[in-house]
Amino acid sequence: MKRCSATCCRAPVAKGMLFCATHWQQVPERLRKAIHGAWRGRHTQAYAAAFDAARNHIDLAEGVFEEVSAPVAPRWVVPQFMGVAR
């Protein structure tokens, strides 16, 4: 078993479930449909965005809001003189 993905909830949930029943009911239906649709269509970026929106919605409703989002890909910074002997 794993735990509910809501920030301040540690209720156990079954495999394949994101949130406990209480928190899942707090997620607006449009977001639930977006999560399911992105999962079925294997659209990973859309799924991550919908999941983040659902989690943020729950946190905002409970007053523990901290903007949670998928990590941004790192940007490589290449120094101007990289590889140039001095």
* To do: Please report the shortest heavy-atom distance between Ala6 and Ile58, naming the atom on each side.
  => CB-CG2, 4.0 Å
* List in chain and number order the residues that pass salt bridge (charged side-chain N to carboxylate O under 4.0 Å, His left out) with Lys2, two or more places apart in sequence or in another chain; answer none if no residue qualifies. => none
* Asked: Do the side chains of Thr7 and Arg55 get nearer than 4.5 Å, heavy atoms only?
  -> yes
Sequence neighbours left out, cut at 3.5 Å: what donor-acceptor pairs do the side chains of residues 30-41 make with other protein atoms?
from  : atom 1 : to    : atom 2 : distance (Å)
Arg32 : NE     : Val27 : O      : 2.9
Arg32 : NH2    : Val27 : O      : 3.2
Lys33 : NZ     : Glu29 : OE2    : 3.3

* Asked: Closest heavy-atom contact between Ala14 and Met1?
  -> N-CE, 3.8 Å
* Structure fact -> By side chain to side chain contact (heavy atoms under 4.5 Å, CB included), Ala11 pairs with (sequence neighbours left out) Cys9, Cys20
* **Shortest non-hydrogen contact from Phe51 toward Leu18** => CD1-CD1, 3.9 Å
* To do: May I have all residue pairs that pass side-chain hydrogen bond (donor to acceptor under 3.5 Å, both in side chains) and include part of residues 17-28, sequence neighbours excluded?
  => His23-Glu62
* Structure fact -> Output for pair (Asn56 CG, Asp52 CG), nearest 0.5 Å, gives 6.5 Å
* **Distance-minimising heavy-atom pair for Arg10 and Arg3** => O-NH1, 2.7 Å
